[in-house]
*Asks:* 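Let me begin by handing over the structure; questions about it come next.
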Amino acid sequence: MKPDESPSLKEAIRSAIWAQTLTAEQLALVEATTFEVFIPKGGFVCHKGEVVDNWIGIISGMVKMNNFSPSGKSVTFTGVPPGGWFGEGSLLKDERRRYDAMTLRDSRIARMPAPTFHHLLENSLPFTRFLLMQLNERLGQFIGMVENERLLDPDTRVARCLASLFNSHLYPGIERLVQISQEEVGLLSGSSRQRANQALQVLEKEGLLRVDYGGIRILDLEGLRRFEA
DNA sequence: TCATTAAATTGTT
DNA sequence: AACAATTTAATGA
């Protein structure tokens, strides 16, 4: 066992896809202004309606975006794995946040202040290109989600849902371990826990993943994307 | 470091 | 939805 396998803030920043193309000065600015916060399991990373002043990255742990319907029911949109960054939508439009984000595990969160974000946006074309790509990816993901919710059976929904955790960003970390419980898989895929459990066992038999205690190992990402019952 | 206990998660009915 | 079995985390010697 290693004492600590999660990266430091600096390492997390440097390994981010968008950081690869920055100049030394830009990278220095990012490292000087971005800070880290720890949020325990079940805590809020940010709240719906608050003023957006950070771009948010996941160093370790897992975060889900969700809202509460007027009746108090929670609707989960998507999960964000380590290495993922989000919040650029509201940051670009200068509006208040439109969703809650809460942690599914103890998580370490990086926050990049809005001025730094806008500086990169104005001075780094590769950074802008990365954002454009990320927005496009996410659009495709949400279109797929609407389709899934209405057309596909539960097994396939769970498969696509897990695949989308890696789809939204071009995963640099080869870490294919998703640390979420089956109950949370159910929430993410819009089905009950026992149905999610059933689906996971089907997918495991197909050799696409392996179920572990408190998490899931992805063995065949492409297979998950293409899976049909 | 090891044993005991509590809590969380999973598989099954 | 409820139960039992299994795994992890916590506590104390």
Side-chain angles (χ1 to χ4, degrees), chain A residues 1-9 11-12 36-47 58-84 86 99-110 145 148-150 152-168 171 173-221 223-225 227-229:
Chain A
M1 302 274 177
K2 288 168 193 167
D4 183 8
E5 46 182 297
S6 62
S8 70
L9 175 60
E11 287 168 342
E36 172 184 342
V37 291
F38 173 82
I39 299 179
K41 176 184 177 183
F44 281 92
V45 179
C46 59
H47 292 273
I58 317 300
I59 303 173
S60 70
M62 178 69 77
V63 172
K64 71 169 177 179
M65 296 181 190
N66 69 178
N67 272 349
F68 292 92
S69 70
S71 55
K73 250 187 174 177
S74 92
V75 181
T76 301
F77 295 126
T78 185
V80 185
F86 68 93
Y99 47 80
D100 285 324
M102 59 189 311
T103 55
L104 295 178
R105 283 270 176 281
D106 286 355
S107 300
R108 288 168 54 224
I109 306 299
M145 279 171 67
N148 286 357
E149 195 151 319
R150 319 217 166 158
L152 302 176
D153 72 294
D155 289 345
T156 312
R157 275 215 307 266
V158 171
R160 300 280 174 88
C161 186
L162 287 173
S164 76
L165 289 185
F166 296 91
N167 197 354
S168 57
Y171 44 97
I174 314 114
E175 195 49 64
R176 291 169 161 185
L177 177 66
V178 195
Q179 286 206 27
I180 58 178
S181 70
Q182 298 184 4
E183 189 167 12
E184 286 145 2
V185 171
L187 286 174
L188 286 172
S189 60
S191 53
S192 65
R193 179 179 77 81
Q194 50 262 60
R195 194 58 191 81
N197 176 291
Q198 199 179 326
L200 286 173
Q201 291 188 20
V202 170
L203 296 174
E204 183 175 36
K205 265 200 179 131
E206 294 286 326
L208 303 177
L209 53 78
R210 198 159 75 76
V211 297
D212 273 5
Y213 186 83
I216 294 151
R217 239 180 220 88
I218 306 298
L219 301 178
D220 183 355
L221 185 56
L224 276 180
R225 290 226 182 88
F227 179 84
E228 285 186 50

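Order of the sequence lines sets the chain letters (A, B, ...), proteins ahead of strands, with each chain counted from 1.
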*Asks:* At the 4.0 Å heavy-atom cut-off to chain A, mark where contacts on DNA chain C begin and end, going 5' to 3'.
*Replies:*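 Endpoints of the contacted stretch of DNA chain C: C:dA1 to C:dT8.
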*Asks:* Enumerate donor-acceptor pairs with a distance under 3.5 Å from any side-chain N or O in residues 60-70 of chain A to protein atoms, sequence neighbours excluded.
*Replies:*
unit_1, atom_1, unit_2, atom_2, d
A:N67, OD1, A:D100, N, 3.3
A:N67, ND2, A:R98, O, 3.1
A:S69, OG, A:S71, OG, 3.0
A:S69, OG, A:K73, N, 3.2
A:S69, OG, A:K73, O, 3.3

*Asks:* Looking at residues at least two apart in the chain, or sitting in another chain, which of them share a side chain to side chain contact (heavy atoms under 4.5 Å, CB included) with A:V75?
*Replies:*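 Checked A:V75 against side chain to side chain contact (heavy atoms under 4.5 Å, CB included); matches are A:F77.
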*Asks:* Side-chain N or O of A:Q182 less than 4.0 angstrom from OP1 or OP2 on B:dG11?
*Replies:*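 So the side-chain polar atoms of A:Q182 do come within 4.0 Å of the phosphate oxygens OP1 or OP2 of B:dG11, strictly under.
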*Asks:* In whole angstrom, give the distance that lies between atom CE of A:M62 and atom P of B:dT9.
*Replies:*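 Rounded to the whole Å, the gap is 14 Å.
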*Asks:* Within the distance-only criterion (no hydrogens, no angle test), does the side chain of A:R157 pair as donor or acceptor with the backbone N or O of A:S189 below 3.5 angstrom?
*Replies:*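 Flag set: sc A:R157 to bb A:S189 pair under 3.5 Å.
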*Asks:* Can you tell me if A:N197 touches the phosphate of B:dT10, counting only side-chain N or O atoms and a distance under 4.0 Å to OP1 or OP2?
*Replies:*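 For B:dT10, neither OP1 nor OP2 has a side-chain N or O of A:N197 closer than 4.0 Å.
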*Asks:* Just to verify, what does A:E11 make a salt bridge (charged side-chain N to carboxylate O under 4.0 Å, His left out) with, not counting sequence neighbours?
*Replies:*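 With sequence neighbours excluded, A:E11 shows a salt bridge (charged side-chain N to carboxylate O under 4.0 Å, His left out) to no residue whatsoever.
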*Asks:* So, does A:D106 use its side chain to make a donor-acceptor pair with the main chain of A:P40 at under 3.5 Å?
*Replies:*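 No, the answer is negative, given that no donor and acceptor are paired below the 3.5 Å cut-off.
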*Asks:* Pick base, sugar-phosphate or nothing for A:Q201, based on heavy-atom distances below 4.0 Å to the nucleic acid.
*Replies:*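 Answer is sugar-phosphate: A:Q201 comes under 4.0 Å of backbone atoms only.
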*Asks:* Can you list, by residue number, the residues of residues 203-214 of chain A that have a non-hydrogen atom closer than 4.0 angstrom to DNA chain C?
*Replies:*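 The answer is A:Y213.
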*Asks:* From CD of A:Q194 over to C1' of B:dG11, roughly how many Å is that when rounded to an integer?
*Replies:*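 In whole Å, B:dG11 C1' lies 11 Å from A:Q194 CD.
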*Asks:* Please report the distance, rounded to the nearest Å, between NZ in A:K41 and P in B:dA8.
*Replies:*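 One finds 7 Å between P of B:dA8 and NZ of A:K41, rounded.
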*Asks:* Which residues pass the side chain to side chain contact (heavy atoms under 4.5 Å, CB included) test with A:R193, not counting sequence neighbours?
*Replies:*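 Counting only residues at least two positions away or on another chain, A:R193 forms a side chain to side chain contact (heavy atoms under 4.5 Å, CB included) with A:E183.
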*Asks:* Could you measure the distance from the CD1 atom of A:I180 to the CG atom of A:L104? Nearest 0.5 Å is fine.
*Replies:*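 One finds 6.5 Å between CD1 of A:I180 and CG of A:L104.
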*Asks:* What is the distance, rounded to the nearest whole Å, between atom CZ of A:R195 and atom C1' of B:dT12?
*Replies:*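 Going from A:R195 (CZ) to B:dT12 (C1'), I get 15 Å.
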*Asks:* Take the protein atom CD of A:E184 and the nucleotide atom P of B:dT9, then report the distance between them rounded to whole Å.
*Replies:*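 Distance check: A:E184 CD to B:dT9 P gives 7 Å.
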*Asks:* Ignoring hydrogens and angles, tell me if any N or O in the side chain of A:T103 forms a donor-acceptor pair with the backbone of A:G43 under 3.5 Å.
*Replies:*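 Checking the backbone N and O of A:G43 against the side chain of A:T103, a donor-acceptor pair under 3.5 Å is found.
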